Every structure is written in structure tokens, then in C-alpha cells.
Amino acid sequence: MKVSHLTKRENEIMEIFWRSNKPLSSNDICLEAPSISKNTVQAVIRKLLSMNFIEIAGLGYNKNALTREFSPCISQAEYFDNFLVRDTSFELAANFIQHATSLEVLNQMEDLIKERKAELESK
């Protein structure tokens with residue numbers, strides 16, 4: 001999937017989606033970002049839908065009305081990875097490992113590496 005750069009407003013709204021652990025309605029977005037008008041939020045949501053950055057996740061209620069709820073289709077890491085050169089990705093991972101202060105995080109990284117190696121070896 002070809003990923004486009006996000007505008008400032010699109011990025012602001014995607015940040016809200018990426019921080020959330022549940023689907024959000026346009027009203028939820030307005031509550032999180034009161035400086036953005038409801039019309040702008042709805043326009044940006046339509047644009048993000050057309051770009052396949054978000055998808056309709058279901059229906060919810062806003063007062064007595066039904067409303068659509070949306071979830072991101074791409075993680076923040078996947079988005080940024082599209083704009084990094086492979087060497088930069090390696091440098092970021094190496095820097096993260098060198099500066100990690102949690103043994104738990106390093107163990108999780110090690111598990112991910114083992115899983116990926118097993119996938120590649122089975123091909």
C-alpha cells in the first residue's frame with residue numbers, strides 16, 4: 001500500500017486515533033481536540049477514509065443518535081516506516097536497544113527477533 005504524507009490536521013486526528021485503544025466517533029475526536037471544528041473533523045475523517053488510513057469499526061451512540069465509529073488501519077510505526085530508508089530503520093532500532101533501560105522491553109524485542117527469524121527460516 002502506497003502511503004501518502006499527512007497534512008497537519010490529518011496528522012493531528014490520526015494521533016488521536018493512534019493514542020486511543022477503542023474506536024472513536026467524530027464527536028469523540030471533537031472532545032479530544034476542541035480547537036478543531038466539527039466540520040473540519042468530519043471532512044478530515046472522510047479524507048482519511050478515502051486514503052485507507054481509517055475504517056468504519058462499527059456504530060455507537062452520541063446522546064440519542066447513532067454515530068459511526070472509526071479505527072486506524074495503519075499504526076503510527078507503519079506510517080513512519082514508509083518514509084524511512086532501511087539504514088535509518090536499523091539505526092533507530094540499534095539506538096533503541098543501546099539506550100533501553102528495561103530488561104522486560106529487551107526481552108520482548110528478543111522474542112520478536114526470534115519469531116521473525118523462525119518465519120524467515122521456514123520459507
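Remember, predicted model here, so these are calculated numbers, not experimental data. Heavy atoms only: backbone and side chains are in, while hydrogens, waters and symmetry mates are out. Numbering starts at 1 and runs along the sequence shown.
- Closest heavy-atom contact between D28 and S25: OD2-N, 2.9 Å.
- The distance from atom NZ of K47 to atom OG1 of T40, rounded to the nearest 0.5 Å, is 13.5 Å.
- Side chain of E10 to main chain of T7: a donor-acceptor pair is present (N/O by atom type, distance under 3.5 Å, no hydrogens or angles).
- I54 and I56 end up in the same hydrophobic cluster when Ile, Leu, Val, Met, Phe, Trp and Tyr side chains are linked at under 4.5 Å.
- Judged purely by atom type and a 3.5 angstrom limit, Q42 has no side-chain atom pairing as donor or acceptor with the backbone of N39.
- Counting only distance, with no hydrogens or angles, the side chain of S122 and the backbone of E119 share a donor-acceptor pair below 3.5 Å.
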inquiry  = Please evaluate residues F70 and I45 with respect to the criterion side chain to side chain contact (heavy atoms under 4.5 Å, CB included), reporting the C-alpha separation (whole Å), side-chain torsions for both, the decisive distance (0.1 Å), and the verdict.
reply    = CA-CA 9 Å; F70 307 92; I45 284 176; 3.6 Å; yes
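- Each of E15, R9, K8 was checked for a side chain to side chain contact (heavy atoms under 4.5 Å, CB included) with N11, and the lone residue meeting it is E15.
- F80 is connected to I16 through a chain of hydrophobic side-chain contacts under 4.5 Å among Ile, Leu, Val, Met, Phe, Trp and Tyr, so both are in one cluster.
- In this structure, the side chain of N95 does not engage the main chain of L92 through any donor-acceptor pair within 3.5 Å.
- Side-chain contact between Y79 and H5 is present, with heavy atoms from C-beta onward closer than 4.5 Å.
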request  = Kindly indicate, with the supporting measurements, whether the criterion side chain to side chain contact (heavy atoms under 4.5 Å, CB included) is fulfilled by F17 and I29.
outcome  = CA-CA 8 Å; F17 279 115; I29 301 290; 3.9 Å; yes
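- Taking both residues in full, the closest heavy atoms of I36 and I13 are given as CD1-CG1, 4.4 Å, listed atom of the first, atom of the second, then distance.
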message = For a side chain to side chain contact (heavy atoms under 4.5 Å, CB included) check, start with the C-alpha distance between L112 and R116, then their side-chain angles and the critical distance, and finish with the verdict.
response = CA-CA 6 Å; L112 287 171; R116 185 65 182 143; over 6 Å; no
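- Of all heavy-atom pairs between L49 and E55, the closest is CD2-CA, 3.9 Å.
- Y61 and V41 are members of different hydrophobic clusters when ILVMFWY side chains are connected at heavy-atom separations under 4.5 Å.
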task = Please step through side chain to side chain contact (heavy atoms under 4.5 Å, CB included) for the pair V44 and M14, ending with a clear verdict.
result = CA-CA 10 Å; V44 171; M14 282 306 299; over 6 Å; no
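- Summarising the geometry, atom OG1 belonging to T67 is positioned 8.0 Å from atom CG belonging to L59; distances are rounded to the nearest 0.5 Å.
- Nearest heavy-atom pair, E69 versus G60, reported as atom, atom and distance to 0.1 Å: OE2-CA, 3.7 Å.
- Under the side-chain contact (heavy atoms from CB on, under 4.5 Å) criterion, D111 pairs with no residue, sequence neighbours left out.
- Although no hydrogens or angles enter the test, the distance criterion places no donor-acceptor pair under 3.5 Å between the side chain of W18 and the main chain of P72.
- Applying the side-chain hydrogen bond (donor to acceptor under 3.5 Å, both in side chains) criterion to E32, with sequence neighbours excluded, gives no partner residue.
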